[in-house]
**Student:** 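Questions regarding the structure given below will be posed in turn.
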Amino acid sequence: MFKRDLDLEKRWAKLLVGLGETIGKKPKDLNGVLFLIGVQELGQGTKTFSKEQKQDLMHIAVCKVLSYAGFYELDHIDQDGWPHWKLVKELPHFDLLDQEKLLKIQVLEYFEKEYQIEIE
């Protein structure tokens, strides 16, 4: 494992612990963190979501975190308060592992920028 990968995994583990302390339950994985970001970005509080809504929340989160790298920008908010994003820069063709790394890096940036949390 490369040093930068090890550093990323250390930062990721710190984020998971910090989220666990904040919300009372440590997210299991990247999908759990993306769900939390989606709920936060929707801004309607915690409630029961359908399976389709949960998928939509994760899509919101992916678009939001990838917007920091210039891949997406907010297009509009619909009448129900759900944000809709548009792709503005083609995503690189990564394998699954590299996709996960990119998302983790962008999730860490999200928490650093949105909540001024320095995760070292």
**Student:** Show your working on side chain to side chain contact (heavy atoms under 4.5 Å, CB included) between D56 and F49 and close with a plain yes or no.
**Tutor:** CA-CA 10 Å; D56 291 343; F49 295 101; over 6 Å; no

**Student:** Quick one: closest heavy-atom pair of L36 and P27, and the distance?
**Tutor:**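 Heavy-atom minimum between the residues: CD1-CG, 3.7 Å.
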
**Student:** Should V33 and Y110 count as side-chain neighbours, where that means a heavy-atom distance under 4.5 Å?
**Tutor:**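 Side-chain contact under 4.5 Å: no.
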
**Student:** Would you say the side chains of Y115 and Q40 form a donor-acceptor pair under 3.5 Å?
**Tutor:**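 A donor-acceptor contact under 3.5 Å links the two side chains.
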
**Student:** Please find the pair of heavy atoms, one from D80 and one from D78, that lie closest to each other, and give the distance.
**Tutor:**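 Smallest interatomic distance, heavy atoms only, reads N-OD1, 2.9 Å.
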
**Student:** Counting only heavy atoms from other residues, nucleotides and ligands, does the tally under 6.0 Å from NZ of K47 exceed 12?
**Tutor:**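 Enclosed: over 12 neighbouring heavy atoms sit under 6.0 Å from NZ of K47.
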
**Student:** Pairing donors with acceptors under 3.5 angstrom, does anything connect the side chains of Y68 and E112?
**Tutor:**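 No donor-acceptor contact under 3.5 Å links the two side chains.
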
**Student:** Shortest non-hydrogen contact from A61 to L34?
**Tutor:**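 Closest approach of A61 to L34: CB-O, 3.0 Å.
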
**Student:** Considering only heavy atoms from C-beta outward, does the side chain of V65 approach that of F71 to under 4.5 Å?
**Tutor:**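 No; the side chains remain at least 4.5 Å from each other.
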
**Student:** For atom CD of E118, decide whether the heavy atoms of other residues, nucleotides or ligands shown that lie under 6.0 angstrom number more than 12.
**Tutor:**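 More than 12 within 6.0 Å, yes.
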
**Student:** With rounding to the nearest 0.5 angstrom, report the SG to CD distance, C63 to Q106.
**Tutor:**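 Here the rounded value is 12.5 Å.
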
**Student:** Within a 6.0 Å radius of atom NZ on K14, are there more than 12 heavy atoms belonging to other residues, nucleotides or ligands?
**Tutor:**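 No, because the 6.0 Å sphere around NZ of K14 holds 12 heavy atoms or fewer from other groups.
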
**Student:** Quick one: does any side-chain atom of E73 pair with a main-chain N or O of G70 as donor and acceptor, under 3.5 Å?
**Tutor:**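 No: the side chain of E73 does not pair with the backbone of G70.
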
**Student:** CZ/F35 to CE/M58 distance, rounded to the nearest 0.5 angstrom?
**Tutor:**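 F35 CZ to M58 CE: 9.0 Å, rounded to 0.5 Å.
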
**Student:** Verify the neighbour count for atom NE2 of H93: are there more than 12 heavy atoms of other residues, nucleotides or ligands below 6.0 Å?
**Tutor:**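 Result for NE2/H93: open.
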
**Student:** Minimum heavy-atom separation for K86 and D75, please, with both atom names.
**Tutor:**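 So the minimum-distance heavy-atom pair works out to CD-OD1, 3.9 Å.
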
**Student:** At what distance, to the nearest 0.5 angstrom, does CG of L19 lie from CD1 of I117?
**Tutor:**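 Reported value, rounded in 0.5 Å steps: 7.0 Å.
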
**Student:** Could you grab the distance from atom NE2 of H59 to atom CD of E41, nearest 0.5 Å is fine?
**Tutor:**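 If I round to the nearest 0.5 Å, the distance is 13.0 Å.
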
**Student:** Measure the CG-CG distance between D29 and L16 for me, rounded to the nearest 0.5 Å.
**Tutor:**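 Atom-to-atom, D29:CG and L16:CG are 8.5 Å apart.
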
**Student:** Between L102, L96, L97, which is the residue that forms a side-chain contact (heavy atoms from CB on, under 4.5 Å) with Q99?
**Tutor:**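 Of the listed options, the one satisfying the test is L96.
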
**Student:** Test E9 against K104 for side chain to side chain contact (heavy atoms under 4.5 Å, CB included), laying out the working first.
**Tutor:** CA-CA 9 Å; E9 289 308 312; K104 284 181 176 181; 3.2 Å; yes

**Student:** Honestly curious: do V88 and Y72 fall in one hydrophobic cluster under the side-chain, below-4.5 Å linking rule?
**Tutor:**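 Hydrophobic grouping puts V88 apart from Y72.
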
**Student:** Determine whether E100 and F94 satisfy the following criterion, side chain to side chain contact (heavy atoms under 4.5 Å, CB included), listing intermediate values before the conclusion.
**Tutor:** CA-CA 9 Å; E100 185 173 309; F94 285 148; over 6 Å; no

**Student:** Got a salt bridge between K101 and D98, using NZ or NE/NH1/NH2 to carboxylate O under 4.0 Å?
**Tutor:**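 Yes, charged N to carboxylate O under 4.0 Å.
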
**Student:** Are V17 and I119 connected, step by step, through hydrophobic side chains (Ile, Leu, Val, Met, Phe, Trp, Tyr) whose heavy atoms are closer than 4.5 Å?
**Tutor:**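 Per the 4.5 Å side-chain linkage, V17 and I119 are not co-clustered.
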
**Student:** Step by step, would you call W85 with L74 a side chain to side chain contact (heavy atoms under 4.5 Å, CB included)?
**Tutor:** CA-CA 4 Å; W85 297 81; L74 184 60; 4.0 Å; yes

